[in-house]
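Working notes, beginning with the structure itself.
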Amino acid sequence: MRHWLIKSEPSSFSWDDLWKLPKRTTSWEGVRNYQARNFLRDMRVGDLAFFYHSSAEPNAIIGVAEIVREAYPDPTQFDVADSHYDPKSKREAPMWSTVDVRAREPLARPVTLTELRAAKGLEKMELLRKGSRLSVTPVSAAEWAVVCKLAITAGSGR
DNA sequence: GCCAACGTTGGC
DNA sequence: GCCAACGTTGGC
């Protein structure tokens, strides 16, 4: 089983939004970056993903989601009315993929970006790389464990 | 609101 | 194939 991290701006789609959906499940549509797309295609049913709030107050990993359906063509690429419409993509050869994710559980406590940066063992984490903008990134088993531990450790404040 | 970092586009 | 221009992301 592999681990991942998926980013979302809570102003457009938050952890709570996902939690309130039927079956707590959504299609992770709109990824338009080849590297991120390739990661989506590597995902398998049962893989777990941290749900990260970007451009948020605070920026933090807030919950754990599970992949419940593997990559399939992202319907928004063919939808002229959608902001993610891509005229270059053909139905015979879709360029973009999506997966279905289900909220599993919130972290006992959100782990903020500041805490992640300060943590031992996360130095190589893709999310923390300078200039990293990938909305879907792999997380190593060791990194996953470190974050889970941080979530159950009393943090500074809140 | 600013701006650095990055990916993409298009002219040549 | 190079690279300048542009648009976007996302932390601050």
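So you know, we letter chains A, B, ... as the sequences are listed, proteins then strands, and number each from 1. What you see is a predicted model, and the numbers here were worked out from it, not measured in a lab.
Side-chain contact, A:S89 with A:Q77: a donor N or O sits under 3.5 Å from an acceptor N or O.
Residues A:S135 and A:V31 form a side-chain contact, since some pair of their non-hydrogen atoms from C-beta on lies under 4.5 Å apart.
Rounded to whole Å, atom C1' of B:dT8 lies 14 Å from atom CD of A:Q35. When rounded to the nearest whole Å, the span between CZ of A:R32 and C1' of C:dG7 equals 16 Å. Distance CG (A:L134) to C1' (C:dT8): 13 Å, rounded to an integer number of Å. In this structure, A:R37 atom CZ and B:dG7 atom C1' are separated by 14 Å, rounded to whole Å. At whole-Å resolution of the value, CD1 in A:I6 and P in C:dT9 are 16 Å apart. Here the P atom of nucleotide C:dG11 and the CD1 atom of A:I61 are 12 Å apart, to the nearest Å. For the pair A:N33 CG and C:dG7 P, the interatomic distance rounds to 19 Å; values are reported in whole Å.
Contact annotation: A:K88 reaches the phosphate of B:dT9 (side-chain N/O to OP1 or OP2, under 4.0 Å). In this structure, A:K7 reaches the C:dG10 phosphate: one of its side-chain N or O atoms is under 4.0 Å from OP1 or OP2. OP1 or OP2 of C:dG11 sits under 4.0 Å from a side-chain N or O of A:N59. For A:Y52, a side-chain nitrogen or oxygen approaches OP1 or OP2 of C:dG11 to under 4.0 Å.
Under the ring pair (Phe, Tyr, Trp, His ring centres under 6.0 Å) criterion, the residue pairs touching residues 42-61 of chain A are A:W15-A:F51, A:W28-A:F51, A:F50-A:W144, A:F51-A:H53, with sequence neighbours excluded.
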Which pairs would a plain distance check flag for residues 17-25 of chain A, meaning a side-chain donor or acceptor within less than 3.5 Å of a matching protein atom at least two apart in sequence or in another chain?
| unit_1 | atom_1 | unit_2 | atom_2 | d |
| --- | --- | --- | --- | --- |
| A:D17 | OD2 | A:S14 | N | 2.8 |
| A:D17 | OD2 | A:S14 | OG | 3.2 |
| A:T25 | OG1 | A:K23 | O | 2.6 |

Which side-chain N or O atoms in residues 2-9 of chain A pair as donor and acceptor under 3.5 Å with protein atoms at least two apart or in another chain?
| unit_1 | atom_1 | unit_2 | atom_2 | d |
| --- | --- | --- | --- | --- |
| A:W4 | NE1 | A:D47 | OD2 | 3.0 |
| A:K7 | NZ | A:L134 | O | 3.2 |
| A:S8 | OG | A:F13 | O | 2.6 |

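Partners of A:E126 under the salt bridge (Lys or Arg N to Asp or Glu O under 4.0 Å) rule, at least two apart in sequence or in another chain, are A:R129. For A:Y72, the side chain to side chain contact (heavy atoms under 4.5 Å, CB included) test picks out A:S27, A:R69, A:T98, A:D100, with sequence neighbours left out.
Taken residue by residue, residues 126-133 of chain A places heavy atoms nearer than 4.0 Å to DNA chain B at A:K130, A:G131, A:R133.
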